[in-house]
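Okay, structure first, notes after.
These figures come from a predicted structure and were not determined experimentally. All chains are named by letter (A, B, ...) in the order of the sequence lines, taking the proteins before the strands, and each is independently numbered beginning at 1.
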Number of protein chains: 2
Amino acid sequence: MSGYRKVSGSGGPARRPQLKDVARAASVSISVVSRVLNGDPSLRARRETIERVEAAAASLQYRANAAGRSLRKQSVDVIGVVLPDANSLFYAEMLRGIEAACDERELMPMVIRAERIGANSNLLTRLVREGRVDGLLVQPIDRIAAEVMEGIVRDHVPTVILVSKSQWQPGSVVFDDAAGIAVATRHLIALGHRDIGFVGGFPSHDTAPRRLSGFESAMESSGLPIRKEWVTELGYSPEDGRAAFAQIAEQEHPPTAVVIATHNAAIGFAQAARQASVDVPDDLSIVSLHDSLSAEYVTPALTTVKMPLFELGYQAVTHLAEILSGEPARDIVVTEPRPILIERESAGPPRTQSHLNPLRKTGNK
Amino acid sequence: MSGYRKVSGSGGPARRPQLKDVARAASVSISVVSRVLNGDPSLRARRETIERVEAAAASLQYRANAAGRSLRKQSVDVIGVVLPDANSLFYAEMLRGIEAACDERELMPMVIRAERIGANSNLLTRLVREGRVDGLLVQPIDRIAAEVMEGIVRDHVPTVILVSKSQWQPGSVVFDDAAGIAVATRHLIALGHRDIGFVGGFPSHDTAPRRLSGFESAMESSGLPIRKEWVTELGYSPEDGRAAFAQIAEQEHPPTAVVIATHNAAIGFAQAARQASVDVPDDLSIVSLHDSLSAEYVTPALTTVKMPLFELGYQAVTHLAEILSGEPARDIVVTEPRPILIERESAGPPRTQSHLNPLRKTGNK
DNA sequence: ATGAAAGCGCTAACAT
DNA sequence: ATGTTAGCGCTTTCAT
């Protein structure tokens, strides 16, 4: 079918070398070549033979054909990586961790944007049933989580869930969300804030309660009260962040600072603040969980808590490889390296206190 | 190797159905099943038989094993997509076009960030020599372009170059760069600017002269002069954009507006302007080629010219598929849809003219 | 210490 | 109108 793979004639593109070519060049049988190149421990060959085979393979630039090998081994050394938006800067670092771990194990990551699964709902099932992947790394998004995850469970694909813990089966890698939120909260406390709000995620998302509890414990251990009206649980999207701002800014006595549980909500929250001419950080300080490149470009640049994204990706692959080699699936929390505060411009000391709401420029009620 | 694929015992995960299972269920031979499911035109079967086979395949949720099929067909229906940074928002839309075209042809795109190739230089060669991809879509970056492209040429992999034209061999899909730059330039002229500069790319990059010529012809057809000192050819990175600002802002009589030949340079240029307290757009208007999500987040939001990224990706796959089926490689210019001006905040009418340099706040020299 | 050969799942040429 | 079979390139068991 493919036009370039003709039998070698004079001038035409050469056929790719295969086992038998190496075997002929080294004057051994193909089985010896296979064993040498795969480092078969049961191999009992003369050093000289091994060297001859290796030299022949190198000079021919031999690489085992993936289809032949896969057919025989019943595995393809490819893992599918399903991400909400592979183009988001947020995932750049996680993907780098995934790639690094894959490189070490001679695995190929095949990235599938979750959005594609919506349009082409059997895409994942196809990949699995056609045997194009040995296993899956999945970061579920709410909308498609249920049906996709059910398909995955039904197909018995070795799977590790990223960032959130699976309700379906063991096998996940998550951040220490509470620790990250605590770092953010303590930074605001250290700056002198006492009136601190929390913009959280939707309670049904399994990360949300962990993040909220990080906020609560950091506040409590500094003896600071938590005011219900300063805590929103609207979701993780920019729109949710905007809504959270609306809810918090309308209050008679608003907080002087907020911890925001995720990056996208922080973008929306800050945008809404700017549109309402609320000065960040002078009127309102913001620290958000999860750093990302766009945090730098936003005005004001966002102070964030950077979580170990690289390591999460790395460990996810590591654990998936364990599962593929027969070990039981586990739920892993990535605690190292610890969350790191990235100070930029969105958090500062509170203004000298005034009991008027500086956030509400329109003085109604 | 993979732990989940055991022979079906009681309770254990079921073996994936294969041709012979469908054949047994439909009481026909495996060749009939293969021909029915592949829509073989030479098939001369009874309608009833066809229906029986299709029903059996559907009820078993049969999917042909990729390894078996690939081994036989000598093609894998996977194309490698090498992008400078797959995580950049810039490529999101191009990738969507690639995916859309792949979905239509039952191809799988396998995205490889070019950065990985630096660390793991034989990665691409490996993919090709192992037969894991049938062809390649490559956007070369300067640093690795030469060695990688040479490897590709040597391996005779069907390849289509993205965005820039290949000096190595035919097979490319590029934008109508001149048209895009002309749209940007004409917008500034329509706003009343006469003193317009151009921040271009490095001359060795093949897109650079096309973009410069678009600027020149738009200026000339409005009877506007081009001043050499307002034209920079430093490169496409944010740092290059910063350098371009430095060069332009230092002049006695600077332009009131600039066209910037690419998105990243515009980000750097605008950042440098902000740091120099130059008001954009009041002191200096900016229009850049290539829209991207971050153009909205930057302050001021950038006025840009959106190029047909989706279509470029789509056509690249289309053409690669043509090459794979034996047609000769061509160099394609994507002219539809035309470049579209996205008006945001970085371009406005020029200030009433003053012959002092408003860009140079420090009055030295 | 090395080789022969079976067989992974599929397509297609060749029977019938 | 349908079935039989060779063979794609590889790994691995079994033989020597």
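Contacts of residues 41-51 of chain A with DNA chain C (heavy atom under 4.0 Å): A/Arg44, A/Ala45, A/Arg46, A/Thr49.
For the atom pair A/Ile152 CD1 and A/Ser166 OG, the distance stands at 9.0 Å (nearest 0.5 Å). Expressed to the nearest 0.5 Å, how far CZ of A/Arg24 lies from CG of A/Leu60 amounts to 9.5 Å. Atom CD1 in A/Ile98 sits 11.5 Å away from atom CG in A/Leu107 (nearest 0.5 Å). Taking CG of A/Asn122 as the reference point, atom CD1 of A/Ile117 lies at 10.5 Å (rounded to 0.5 Å).
Taking a cutoff of 4.0 Å between a charged side-chain nitrogen and a carboxylate oxygen, B/Asp155 and A/Arg16 do not qualify as a salt bridge.
Each of B/Gly68 and B/Ser27 was assigned the nucleotide of DNA chain D with the nearest heavy atom; the assignment lying further toward the 5' end belongs to B/Ser27.
Listed by chain and residue number, nothing satisfies the salt bridge (Lys or Arg N to Asp or Glu O under 4.0 Å) test with A/Glu54 (two or more places apart in sequence, or in another chain). Under the salt bridge (Lys or Arg N to Asp or Glu O under 4.0 Å) criterion, A/Arg105 pairs with no residue at all, not counting sequence neighbours. Partners of A/Ser31 under the side chain to side chain donor-acceptor pair (under 3.5 Å) rule, at least two apart in sequence or in another chain, are A/Ser29. Judged as a side chain to side chain donor-acceptor pair (under 3.5 Å), and not counting sequence neighbours, A/Ser70 has no contacts. Applying the side chain to side chain donor-acceptor pair (under 3.5 Å) criterion to B/Glu322, with sequence neighbours excluded, gives B/His319, B/Arg330. For A/Glu311, there are no side chain to side chain donor-acceptor pair (under 3.5 Å) partners two or more places apart in sequence or in a different chain. The salt bridge (Lys or Arg N to Asp or Glu O under 4.0 Å) test applied to B/Arg72 returns no partner, not counting sequence neighbours. Judged as a salt bridge (Lys or Arg N to Asp or Glu O under 4.0 Å), and not counting sequence neighbours, the contacts of B/Arg52 are B/Glu48.
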Close N or O pairs between protein and nucleotides 14-16 of chain C (under 3.5 Å):
{"residue": "C/dC14", "atom": "N4", "partner": "B/Arg35", "partner atom": "NH2", "Å": "3.4"}

Output a table of nitrogen or oxygen pairs between the protein and nucleotides 5-7 of chain D separated by less than 3.5 Å.
none

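Here C/dC8 presents its P atom at 13 Å from CG of B/Leu19, a figure rounded to the nearest Å. Look at CZ on B/Arg24: it is 14 Å from P on D/dG3, rounded to the nearest Å. Rounded to an integer number of Å, the gap from B/Gln74 CD to C/dC10 C1' is 12 Å. Atom CG of B/Leu71 and atom P of C/dA12 are 13 Å apart (whole Å). In this structure, the CG atom of B/Asp40 is 14 Å from the C1' atom of D/dG3, given to the nearest Å.
Over its full length, the helix from C/dA1-D/dT16 to C/dT16-D/dA1 turns its helical axis through 50°, comparing axes from the five pairs at each end and rounding to 10°.
At D/dG9, one or more side-chain N or O atoms of A/Gln18 fall inside 4.0 Å of OP1 or OP2 (strictly under the cut-off). For C/dT11, the OP1/OP2 oxygens have a side-chain nitrogen or oxygen of B/Asn38 closer than 4.0 Å. Residue A/Arg69 places no side-chain N or O under 4.0 Å from the OP1 or OP2 atom of D/dG9. Close to C/dC10, at under 4.0 Å from its OP1 or OP2, lies a side-chain N or O of B/Tyr62. B/Ser34 has a side-chain polar atom (N or O) that falls below the 4.0 Å cut-off from OP1 or OP2 of C/dT11.
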Side chain to side chain contact (heavy atoms under 4.5 Å, CB included) assessment of B/Val33 paired with B/Leu19: CA-CA 7 Å; B/Val33 177; B/Leu19 225 33; 3.5 Å; yes

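Looking at heavy-atom distances under 4.0 Å, A/Ala64 makes contact with sugar-phosphate atoms alone, never a base.
The side chain of B/Val28 has D/dG3 as its nearest neighbour among D/dG9, D/dG3, C/dT2.
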